[in-house]
Every structure is written in C-alpha cells, then in structure tokens.
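Protein chains get the first letters and strands the later ones, always in sequence-line order, with residue 1 at the start of each.
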Protein chains: 2
Amino acid sequence: MNSVLPSEAPTASLAAQPAATPSFRPLYQQIRDLILRSLQQGEWKPAEVIPSEMELAARFGVSQGTVRKAIDELAAGHLLVRRQGRGTFVATHAEQQVQYRFLRLMPDVDQADAEQPAQREIVECKRARATADVARALALKTGESIIQARRVLSFGGIPTIVEDLWLPGEPFRGLTAHRLSAYPGSLYAFFESEFGVRMVRADEKIRAVLPDVQQAALLQIPVSTPLLSVERIAFTYGNRPMELRKGLYRTDSRHYHNRLS
Amino acid sequence: MNSVLPSEAPTASLAAQPAATPSFRPLYQQIRDLILRSLQQGEWKPAEVIPSEMELAARFGVSQGTVRKAIDELAAGHLLVRRQGRGTFVATHAEQQVQYRFLRLMPDVDQADAEQPAQREIVECKRARATADVARALALKTGESIIQARRVLSFGGIPTIVEDLWLPGEPFRGLTAHRLSAYPGSLYAFFESEFGVRMVRADEKIRAVLPDVQQAALLQIPVSTPLLSVERIAFTYGNRPMELRKGLYRTDSRHYHNRLS
DNA sequence: CAGTGGTCTAGACCACGCT
DNA sequence: GCGTGGTCTAGACCACTGT
C-alpha cells in the first residue's frame with residue numbers, strides 16, 4: 001500500500017496512488033512534502049518547535065520511523081534542526097552559531113580569537129522597476145516593483161565587500177534603509193524576522209572582474225584591483241527566487257572557501 | 001549493549017565500550033568505520049561491488065538496518081554508490097555521468113547539446129623537491145621528493161585553464177608526462193586506475209588575481225585580464241592530502257558555480 | 001522523572017535488474 | 001524468479017534535556 005488511508009490521516013489527505021504502479025512515491029517523501037507545506041504556510045515559525053515525531057506519526061497515520069525519515073531529509077537540507085532531548089525546531093538564520101551562513105569569504109589566517117563582526121553600511125536603498133535581467137532572476141515581469149539596495153561590508157575597518165541587492169517589492173513592502181541599518185543581525189535574519197521570508201538555498205556564479213570607478217571608490221582601491229564577483233540568487237521554500245545579489249569581494253587577505261565532496 | 005559480541009563478529013572485532021558510558025559511539029558508526037577501513041585497504045576496488053547488506057550484517061554480527069545506516073553515510077559522502085537491484089559499488093572518478101566531479105567551471109550559456117570534452121595539454125612534468133609551502137599542504141617534509149606538472153585545458157579551442165600540480169613522489173612513482181598525456185580520462189580517474197589513489201574530498205580557496213606574463217601567454221590573454229585563482233588540496237581516505245593544485249580560470253564566458261544550502 | 005530524539009532489531013513487503 | 005537495495009512497521013531500549 002503506497003498511500004495513507006484517509007481515515008488514518010484526519011488532518012491531511014495524501015494523493016492516493018493507483019494500485020498499478022506507473023509512478024511510485026515513497027510514503028516518507030509524501031510526509032516530507034506535507035511537513036514542508038506546513039513550514040511554507042507558517043504553521044510553525046522559525047526557531048519554534050514542531051510537534052514530536054510520535055505526534056506527527058499519529059497525525060499522518062504512519063509509523064514513527066517514516067516520520068523520522070521525512071524529518072531526516074528536511075534536517076539534511078537545513079530546513080529543520082534536531083536537538084536530542086528537546087525536539088525538532090524550524091531552522092533560522094538568526095542562530096549564534098554561524099553568523100553568515102551563505103557568506104564563504106574567510107580570512108586567510110584564522111585568528112583563533114573571535115573575529116569581530118563585520119561593519120555594515122547602507123549606501124543606497126530605493127524602490128524601482130525590474131529590468132529584464134532582474135525580472136528573469138526573480139521570476140517577475142519586467143517593470144514590476146522591486147527594491148534595490150547597495151551596501152558595503154568592512155572587516156576590521158577595511159572595506160571588503162560591496163553588494164547590490166534586488167528584492168521583489170511585494171513580499172518586502174515596507175523595507176527602508178533605516179530599518180535595514182537598524183537591524184542588528186544578518187540580512188537573512190532580517191528578512192526572516194521582519195518579513196517572514198526564509199531563504200533556504202542559494203546559487204552562486206563566481207567570476208574575476210575589475211571594479212568600475214564607483215565600486216573602486218567604495219572599496220578604496222585602484223580600479224586595477226581584480227575582485228571576486230559573486231552573483232547570488234537566493235530561494236525560499238518551493239524554489240521561489242526572492243533575492244538577487246551581486247557582490248564584489250576583495251581577496252587580498254581573504255578568500256572564498258569551498259569544500260568539494 | 002553498545003558493542004558487537006566478539007562471537008558474533010568473526011571476521012572483525014569492534015572495540016568494546018565499558019558498561020558505564022563515558023563515551024558512547026553508535027554501532028552503525030563503528031560499522032561505517034570498518035567498511036571505510038576495508039575501502040582504504042583496497043579490499044574492494046573502485047567500481048567493484050561490495051558484499052550485500054545481508055552479508056555484511058552477518059559478517060559484523062549486526063542487523064541489516066545497522067549496516068544500511070552505515071552504508072547510507074558512506075554513500076552520502078560519495079564513497080559508495082547504491083544501485084537498486086544490483087548492489088552497492090565503490091565510487092569512482094571514471095564514471096561517464098560527471099566527467100569532472102571537482103571542476104565547477106560552467107559555461108555561461110548552457111548549450112543543450114553535449115559540450116565536447118576539454119582538450120588537455122601537458123606543458124611540463126618533472127620531479128622536484130618540496131618547498132616549505134608545498135610540503136605543508138601535502139603533509140610532507142621540506143625537500144621530500146615530489147612531482148610537479150603544469151597543464152592547459154581548452155574548451156572549444158579556447159585556452160581557459162592553466163593548472164599547476166604538486167603530487168607526493170612516493171605514491172605517484174612512475175608518473176610521466178607521456179603517461180599523463182596518453183590517458184583518456186580525467187586526472188582523478190588516472191590517479192585512481194594507475195596509482196590506486198582515490199580522491200574523496202577537496203578544499204578550495206578562491207581568489208581574483210592577475211596572471212603573470214607566462215600564464216597570460218599560455219592563456220593567450222593580456223596580463224590585465226582578471227582571472228579566478230583556485231587553490232585546491234585534494235584528499236584520499238582518512239583525510240590524507242595527496243594533491244595540491246593551483247588553477248587559473250578564465251571567467252569571461254564561463255563561471256564557477258556553487259550551490260549553498 | 002517524563003518526554004524527546006537516537007539507536008537497534010526483526011520481519012514483511014515492494015521496486016528494480018538480471019538471467 | 002531470484003537477489004539486490006528500498007520502504008514500512010512495531011517494539012525495545014538508550015542518551016539527552018528539562019522540571
């Protein structure tokens with residue numbers, strides 16, 4: 001039997017599979033998707049506990065082991081975090097552990113003592129209309145309302161990153177330079193707590209480039225300094241693109257770190 | 001009970017844990033490490049099948065489920081590959097699927113039709129002595145014997161990558177420019193089939209740089225062209241570093257792709 | 001001590017690949 | 001049809017966290 005009996009799944013119905021098996025879909029994946037939908041719909045908010053495995057098993061009418069495997073996959077994708085003895089929690093960007101989960105620029109020499117956090121300066125933040133490029137990246141239509149921002153990150157007083165951001169206007173309605181500057185945590189923690197938009201995954205395209213005059217000025221470097229260009233699209237639940245970000249990184253005393261396996 | 005009874009593990013003994021639990025180590029991790037050791041010692045060679053889950057369960061005196069969880073972890077780390085209905089195989093770099101598993105330089109426009117493979121040209125290949133830097137990266141002593149090579153990769157006739165390689169002399173004894181040039185597959189497939197050295201993981205440090213005169217000449221570009229510098233250390237089983245590679249990538253029509261999650 | 005996730009087992013059945 | 005990995009279950013027990 002490849003589907004949950006409706007009578008045993010009072011709060012959620014799974015699409016029944018025909019007895020013949022033209023397309024087989026494991027139960028635990030169906031459960032995973034149901035949990036995912038609950039996350040998406042905000043049934044449990046970031047940093048909250050979700051129901052225990054036994055509760056979920058009862059709710060979906062499956063065994064604990066099946067729920068466990070569903071949660072395993074979500075935890076592997078950093079959507080959930082398991083804490084033994086306490087419960088399973090909705091993952092959040094606001095955790096102390098990793099300040100910048102998606103920033104891979106590391107100091108060349110690992111100063112053992114805690115590195116002081118980056119200083120952030122908002123250079124610009126305005127409402128605008130999506131160009132064709134931006135619209136394509138954010139799955140919008142050309143001309144739709146967006147928010148555009150530029151900021152500079154400095155480490156130990158040295159301007160190191162200049163970033164341009166493009167955000168869809170609708171979900172981020174009410175975002176202002178002032179609120180951006182005032183927020184103490186990372187941008188993604190800001191999006192999460194202020195707009196309920198949780199970034200789950202990102203794709204980056206990395207190149208070596210030279211800055212234009214303005215970028216060079218912001219980083220206080222000559223225009224002949226090669227920089228890392230990092231173009232990122234960040235996605236929420238359901239692979240919906242919610243941020244386009246183009247960063248320029250100085251790499252003379254830091255490097256972009258990547259592990260291949 | 002946290003350890004396998006010796007009587008039930010005839011071909012391998014697991015370290016018994018004291019009844020008090022000062023340090024608890026799950027059984028499946030112990031099994032995983034035993035399988036890992038067998039891989040390391042070459043009991044099963046790349047692309048070969050390993051024994052079935054039931055056989056391994058009998059051999060280690062545990063249930064199939066425990067072996068399964070051990071294999072799951074190794075498969076997640078790309079050390080093993082499961083194929084339903086056929087068995088579990090030792091992973092290899094020689095698979096057709098992904099030509100270059102560790103090369104993340106992608107064409108900007110995805111030509112749907114198969115891209116023709118890169119052309120490879122060995123520029124240099126010589127025996128030498130490890131400098132302090134190289135020795136540190138490869139966990140050797142300064143002055144130990146190494147092999148040094150330089151090659152150029154071209155895509156569609158355009159020289160795109162120039163790479164310098166440093167390899168420990170001992171495991172790669174007998175490597176020559178001729179054998180390098182003659183081998184049809186990727187470098188890592190070559191290391192695997194010709195020297196039994198299987199790379200399992202790699203760390204990369206990425207920067208933006210300008211080429212020196214010689215590098216610019218090899219890539220047929222001006223010295224003012226910013227390039228991606230990719231410094232990679234590749235590891236075999238047991239986190240032993242076995243290759244240092246410094247690559248320069250042209251990124252005007254290709255980009256380094258990375259997925260963050 | 002109760003409740004949570006984590007481990008381990010044994011057994012049944014399913015999907016897949018080969019012969 | 002057989003053997004492989006893949007799914008699902010039910011139950012026991014362990015390790016960890018809070019009260």
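Of the candidate nucleotides D:dT9, D:dG6, D:dT4, D:dT4 has the atom nearest to the side chain of B:Ser52. Counting only heavy atoms from C-beta on, A:Gln84 has its side chain closest to D:dC16 among C:dT7, C:dA10, D:dC16. The side chain of B:Thr66 lies closest to C:dC8, out of C:dC8, D:dG6, C:dG6.
Look at CD on A:Glu53: it is 17 Å from P on D:dG11, rounded to the nearest Å. A:Glu55 places its CD atom 11 Å from the P atom of C:dG3, with the value rounded to the nearest Å. One atom, CZ of A:Arg86, and another, P of C:dT4, lie 13 Å apart when rounded to the nearest Å. Between the CG atom of B:Asp72 and the P atom of D:dG6 there is a distance of 8 Å, given to the nearest Å. Rounded to an integer number of Å, the gap from CG of B:Leu74 to P of D:dG5 is 14 Å. We find that CZ of A:Phe60 is positioned 16 Å from C1' of D:dC8, with the value rounded to whole Å. Atom P of nucleotide C:dT7 and atom NZ of A:Lys69 are separated by 15 Å, given to the nearest angstrom. What separates CZ of A:Arg68 from P of D:dG11 is a distance of 17 Å, to the nearest Å.
Residue A:Arg82 places at least one side-chain N or O closer than 4.0 Å to OP1 or OP2 of C:dG6. At the phosphate of C:dG5, OP1 or OP2 sits under 4.0 Å from a side-chain N or O atom of A:Thr88.
When atom types are taken as modelled, the side chain of A:Glu48 and the backbone of A:Lys45 share a donor-acceptor pair closer than 3.5 angstrom. The backbone N or O of A:Phe102 sits less than 3.5 Å from a side-chain atom of A:Arg232, completing a donor-acceptor pair.
For the pair B:Gln64 and B:Val67, both in contact range of DNA chain C, the more 5′-proximal nearest nucleotide belongs to B:Val67.
Between B:Phe191 and B:His93, the distance separating the two ring centers is not shorter than 6.0 angstrom.
Geometrically, B:Arg120 does not engage B:Tyr100 in a cation-pi contact, judged by NZ or CZ lying under 6.0 Å from the ring centre and within 45° of the ring axis. Cation-pi geometry between B:Arg254 and B:Tyr249 is not met: the NZ or CZ atom fails to fall both under 6.0 Å from the ring centre and inside 45° of the normal.
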